[in-house]
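Following: one structure in structure tokens, then a few remarks.
Start at 1 and go down the list; that is how both ligands and their atoms are numbered. What you see below is based on every heavy atom in this structure, not just the backbone, and it leaves out hydrogens, waters and symmetry mates.
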Amino acid sequence: MFDTQPAPQPGILQISAYVPGESSLAGNLKPIKLSSNETPLGPSPAAIAAYKAAAESLALYPDGGAGDLRRAIASHFGLDPDRIVCGSGSDELINLLAHAYIGPGDEAIFSEHGFLMYKIATLSSGGKPVSVPEQNYRANVDAMLAAVTPRTRLVFLANPNNPTGTYLRHDEIRRLQQGLPARVLLLLDAAYSEYVRRNDYEAGLELVATTSNTVMTRTFSKIYGLAALRLGWAYCPAAIADVLNRVRGPFNVTGPALAAGAAAIADRAHVERAVAHNEKWLPWVATEVEGLGLRVTPSVGNFLLMHFPAEPARNAAAADEFLKLRGIILRRVAAYGLPGALRMTIGTEDDNRRVVAALAQFMGRS
Ligand SMILES: Cc1ncc(COP(=O)(O)O)c(C=O)c1O
């Protein structure tokens, strides 16, 4: 028997392609888009200026080693620049780590409502995704440790997690790391860490510095407002940085992204403004939405998960349709195993007020 067409590697056809948050609505010129956890403040003006200046050098390949950006990140966080690897979004780094450390039949663990890319990256590496139940929408360290087998190669954990917005305390993360065999890589995805204002939270720097199997990934897509440029970074033990540098493309980050990223990281006032905005509006939206009779999962990110009643006229799908007709796009999260919920990114004051007003109408409260 001959194959009639080229066949992809095992696992690839089990992947449900990632569906990004919707960004446009029929007939609506500019919707309120709160579906992808982007910042309502946009990027730092310094980052925009650096991006525009980079237009002068479009004919040249970028610095493949991302030296200036790595040094800018290292000096801000007090890190070793040689252990930082930059990527085209943290998605690329997640994929590269999966490809480098998961082989056919190997297992990778993540939590029940964990970020979707973990499953995709595992399947595309030929691995077996192992989804572990959460408790109250929080990752469960004991259950994750209990899921480790001799085939486990990687544990993915977004902290805080998207789409739930919940987080694990530093002592819980440490317990997770300590409970893992040394051969298992722990990937701490800290995409939303800048938003977290909790004394018991740590993004992962300390564990990366003190263990040989922990990697932390970060992104410029969220609080820095550079999602369109696709820029992320990983802080790694030296041996893992070496692996990533072998498998990444030689020019995996574009010149404009490198320039804008370095300028963005230097503009601390902009980041502080974004944090202050979130600190004000995240609790406001949560309180207002709860006041409408909807359950909200407590969030430390720049988004929150709201749970709708089961009855068809009031469920999440109906709410989504209702909001879209009013030009508002939230995120359906059925693909995350949360068919009864919608995720809302914190927007501008006006956005937030309009969503709450529309939800009040939907719930028959106005
Ligand atoms: C938890 C988490 N990790 C990673 C990413 C990917 O970010 P990037 O734009 O850096 O690829 C996202 C984006 O939504 C996310 O929510």
Might you work through the salt bridge (charged side-chain N to carboxylate O under 4.0 Å, His left out) test for Arg218 and Glu194, ending with a clear yes or no?
CA-CA 10 Å; Arg218 303 283 279 252; Glu194 290 85 356; 3.4 Å; yes
Salt bridge (charged side-chain N to carboxylate O under 4.0 Å, His left out), that's the test. Do Asp171 and Arg174 meet it? Break it down for me.
CA-CA 5 Å; Asp171 62 313; Arg174 184 189 290 275; over 6 Å; no
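One finds a salt bridge joining Glu38 and Lys33 here, because a Lys/Arg side-chain nitrogen approaches an Asp/Glu carboxylate oxygen to under 4.0 Å.
Closest to atom 7 (O) of ligand 1 among all protein heavy atoms lies Ser90 OG, 3.3 Å. Looking only at heavy atoms of the protein, atom 3 (N) of ligand 1 is closest to Asp189 OD2, 2.6 Å. Nearest non-hydrogen protein atom to atom 12 (C) of ligand 1 is Phe115 CZ, 3.4 Å. In terms of protein heavy-atom proximity, atom 13 (C) of ligand 1 is closest to Lys222 NZ, 3.1 Å. Closest to atom 6 (C) of ligand 1, if we only count protein heavy atoms, is Asp91 OD1, 3.2 Å.
For the pair Arg353 and Trp284, the distance from NZ or CZ to the six-membered ring centre is under 6.0 Å and the angle to the ring normal is within 45 degrees. Geometrically, Arg331 engages Tyr18 in a cation-pi contact defined by less than 6.0 Å to the ring centre and at most 45° from the axis.
Not less than 6.0 angstrom separates the ring centroid of Phe77 from the ring centroid of Tyr235. Note: Tyr195 and Tyr192 fail the aromatic proximity criterion, with ring centroids not under 6.0 Å apart.
Proximity of Arg230 to ligand 1, defined as any heavy-atom pair under 4.0 Å, is confined to the side chain (atoms from C-beta onward). Contacts of Met117 with ligand 1, taken as heavy-atom pairs under 4.0 Å, are absent altogether.
The distance from ligand 1 to the heavy atoms of Ser221 drops below 4.0 Å at these ligand atoms: 8 (P), 9 (O), 10 (O). Those atoms of ligand 1 with a heavy atom of Ala191 less than 4.0 angstrom away are 2 (C), 3 (N). Residue-ligand proximity, Asn162 to ligand 1, at heavy-atom distances under 4.0 Å covers atoms 1 (C), 14 (O), 15 (C), 16 (O). Annotation for ligand 1: atoms under 4.0 Å from non-hydrogen atoms of Thr219 are 7 (O), 8 (P), 9 (O), 10 (O).
A donor and an acceptor atom, one from each side chain of Gln177 and Asn213, are located under 3.5 Å apart.
Under a 4.0 angstrom heavy-atom cut-off, Phe220 registers as lying outside contact with ligand 1.
Checking only distances, Tyr18 never comes within under 3.5 Å of ligand 1, N or O to N or O.
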